[in-house]
Amino acid sequence: MAHRYFTTPIYYVNDRPHIGHLYTTVVTDVLTRYRRLTGDTVRFLTGTDEHGQNIEKVARKEGVAPIVVADRNAPRFRELFRSFGVANDDFIRTTEPRHRAGVEEIIRRIAAAGDLYLASHEGWYCPPCEAFYPEKDLAEGACPVHGTKLEWEKEENVFFRLSKYEKPLLSLYDEGVGGKPFVFPDSRLNEVRSFVAAGLKDLSVSRTTISWGIPFPGYPGHVVYVWLDALTNYISALGFGGTDDALFSAFWPGEGSDARAVHVVGKDILRFHAVYWPAFLMSAGVTVPTQVVGHGWWLKDARKMSKSVGNVVRPDELVQAFGIDALRWHLVSEMTFGQDANFSDEGFLTAYNADLANGLGNTLSRAVRMAADAFGGKTPSERGRPNDFFPNAAEFAVKEWETAFEEYRLQDAARAIRVLLQSIDSYISTHEPWKIAKRDGASPRLHHILWDCLEGLRVAAALLSPIAPKTAEEVFRRLGAPKRAADVTKRDFAWGQLPLNALLEPAPPLFPRADPKVFFGSRGEGQSSARKETKVTTDNSTDSSKGRTADGSTGASGAIPAAPPEAARISFEEFSRIDFRVGEVIAAEKIEKSKKLIKMTVKFGEDVRTIVGGIATVYTAEQLVGRKFAFVTNLAPAKLMGVESNGMILAATMPGSGEPSLLMVDPAVPSGSKVK
Ligand code: MSP
């Protein structure tokens, strides 16, 4: 199995961490946990970026040495990440001697390649970015990232011959590394390519106006430009420039090595990682990393959440009210990886109630309670039958989840878990095990049904383990199948492993339902961070699909379409002409000649009809049977692949993939009910 090295950016220590910083570290943790689970040998690095003008300024204001500020704030990052279950193997601080040794070594090599020279320099400088911007990149004279006023700076600097690496960089973007594009996603690769293709200027890599940095070897009075300093952390942490190169040889890619290095970064710093960093490495004769993965921003009020803008959300209060895993789940499931998303407490709360309180928590307590009541506090003593519904649903979820992870579609990996939980929930509602228990006692049928549900939950917990590790462990424990999240492997996804007659742990709700009225009750409009008075209730009885928009998201993230112009709107009468109904799929089969179509027999009260849906790329026929969905029933009949369809199943279109996501209906709603 391959050696994989994952890194986060190293964070500036001029402030306490906020949700944005946490996001990068949590998603990287999720990716490393996934990789470990597949059997790879993984190393995960995070840390703090402690030199530069910003830290120097804060220190000056406080009248202390910069290292005092760094020493105060670095542990805040380290501790926050630890409390979030982040399993990093190393935490580097750029003020450590091992890092300085790495920086000195890379500069020695770059100088030996003839790529450094002294020249004078002036330009627009953004202190929060620690970068110069060309006039054309300014947004009305301000920084394109922070929107803050820029400073005109002039000094004599050491320059790096970046222009020399224009062609090698373009080849890197065209060819990728080991068959994978150098930058993910493609849209960002294109941005980077255009930037380089437009022509690269040499880069100033030293500063003389500040003193808080690593002295530039060979240039007294200069300190190393913070980005050359910071980027080198990825190799200095592996021992580059030191005396022991064992980690570097194992985890940094090179001739004949199986190592892959992936840098996960926010899109704001993609250019530094995808242009400057590989150029520095090429110059120093070090292999470039395998991939730079750029994710989007968490926005607050439509602006990037950032300290200099003053719109940050801190994790503390949300965590206090809802727990670490609730926030981990939200960060992963609500942002389409690679795109921006808006952070709101309303979105957080709706998703929390839908996915965790109801979807996971309620389904788990229902199933465990019923099994414990029926089988004397234990798991069933007979397994479900092999051709029952669940093995398929679980297998489908595992497949979806794996491809989603491979393609960095973390939100879809979360969605696969959500769908599996919804299937378990509707399976319980459809088969009404409580009635069977009342009528026939602990019959074989009851054993089969409840074993299926509990086993489905075990698989869901295994899939959840990289995203919400503590929760996964708690689910395993309650199911009588205890396991540490870190010990989960792909083998745990195989159906059929729930122990028979094991002790169940019925316990209070895993995620008590939060009442939005209580949550927002004591605040004025527009307030946006969780409060201590947040009250959680234990009423978990509502349906898991409530409060979600059609694509299964909460409406909290992604672009919300603007209202259409007046002329494009329809009247209520026009709307009322469409007959939307709840229908129950009572039989379904794939239309063999077609990749997409499934023929369904759907019951609307007394009325039973055939409806064909283009959903086979996402759903299997087995998954649909016994479940209720929303349909349009008064469409003119249409023939699809020779089958007459009398209606249409409603599905949201997933942004990006374009795949359908069926609209879930509370199983308690009778088929035939009107939807309006
Ligand atoms: N120190 C540099 C990085 C050097 S890496 C060699 C830096 N630090 S930072 O503290 O400003 O933040 C870095 C990263 O935090 C961003 O690239 C991004 O990964 C994450 N985020 C900070 N704000 C964010 C959002 N609002 N949303 C999502 N992630 C954000 O830049």
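Side chains included, hydrogens not; waters and symmetry mates left out as well; all remaining heavy atoms used. Every number for a ligand or one of its atoms is a count from 1 in the order of the listing. Since the structure is predicted, the reported quantities are computational estimates derived from the model, not experimental observations.
- Looking at D268 against ligand 1, only its side chain comes within 4.0 Å, counting heavy atoms.
- For ligand 1, the atoms lying closer than 4.0 Å to a non-hydrogen atom of A230 are 6 (C).
- Ranked by closest heavy atom to atom 5 (S) of ligand 1, the top entry among Y11, Y234, F272 is Y234.
- In this view, K201 satisfies the salt bridge (charged side-chain N to carboxylate O under 4.0 Å, His left out) rule with no residue, not counting sequence neighbours.
- A salt bridge is absent between K180 and E175; no separation between the charged side-chain nitrogens and carboxylate oxygens falls under 4.0 Å.
- Distance from atom 24 (C) of ligand 1 to its nearest protein heavy atom, with residue and atom name: G20 CA, 3.5 Å.
- Residue G296 approaches ligand 1 through these ligand atoms, each under 4.0 Å from one of its heavy atoms: 28 (C).
- Relative orientation of the H263 and W252 rings is tilted, given thresholds of 30° and 60° on the angle between their planes.
- Put simply, no part of C129 is less than 4.0 Å from ligand 1, judged by heavy atoms.
- The cationic group of R76 does not satisfy the cation-pi geometry with F81, failing either the under 6.0 Å distance to the six-membered ring centre or the 45° limit from the ring axis.
- Assignment of W227 to the shell around ligand 1 is supported, since a heavy atom sits closer than 4.0 Å.
- Which parts of ligand 1 touch G266 is read off a 4.0 Å heavy-atom cut-off, strictly below it: atoms 17 (O), 18 (C), 19 (O).
- Ligand 1 has at least one atom lying under 4.0 Å from a heavy atom of H273.
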Distance-only donor-acceptor pairs under 3.5 Å for side chains of residues 227-234, two or more places apart:
residue: W227; atom: NE1; partner: C129; partner atom: O; Å: 3.1
residue: D229; atom: OD1; partner: H99; partner atom: NE2; Å: 2.7
residue: D229; atom: OD2; partner: H51; partner atom: ND1; Å: 2.6
residue: T232; atom: OG1; partner: L228; partner atom: O; Å: 2.7
residue: N233; atom: ND2; partner: A230; partner atom: O; Å: 2.7
residue: Y234; atom: OH; partner: H273; partner atom: NE2; Å: 2.7

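- Taking atom 20 (C) of ligand 1 as the reference point, the nearest protein heavy-atom neighbour is T24 OG1, 3.3 Å.
- Taking 4.0 Å as the cut-off between side-chain N and carboxylate O, E104 and R108 do not count as a salt-bridged pair.
- Heavy-atom proximity to atom 2 (C) of ligand 1, evaluated over L331, I10, I269, is greatest for I10.
- Atom 22 (C) of ligand 1 has H21 CD2, 3.8 Å as its closest protein atom, hydrogens excluded (heavy atom only).
- Of all the heavy atoms in S163 and D202, the pair that sits closest is OG-OD1, 2.6 Å.
- Nearest non-hydrogen protein atom to atom 27 (N) of ligand 1 is W298 N, 2.8 Å.
- Protein heavy atom at the shortest distance from atom 23 (N) of ligand 1 is H18 CE1, 3.3 Å.
- Residue H295 has at least one heavy-atom neighbour below 4.0 Å for each of these atoms of ligand 1: 19 (O), 28 (C), 29 (N).
- Ion pair R36/D40 not flagged as a salt bridge, since none of the NZ, NE, NH1 or NH2 atoms sits closer than 4.0 Å to an Asp/Glu carboxylate oxygen.
- For the pair R43 and Y5, the cation-pi criterion (under 6.0 Å, within 45° of the ring axis) is not fulfilled.
- Residue D49 has at least one heavy-atom neighbour below 4.0 Å for each of these atoms of ligand 1: 1 (N), 2 (C), 4 (C).
- Both tests pass for R271 against the ring of F195: distance under 6.0 Å to the centre and angle within 45° of the axis.
- Nearest to atom 9 (S) of ligand 1 among the protein's heavy atoms is Y12 CD1, 3.7 Å.
- Note on ring orientation: taking the six-membered ring where Trp is involved, the planes of F405 and Y34 are parallel (angle under 30°, cut-offs 30° and 60°).
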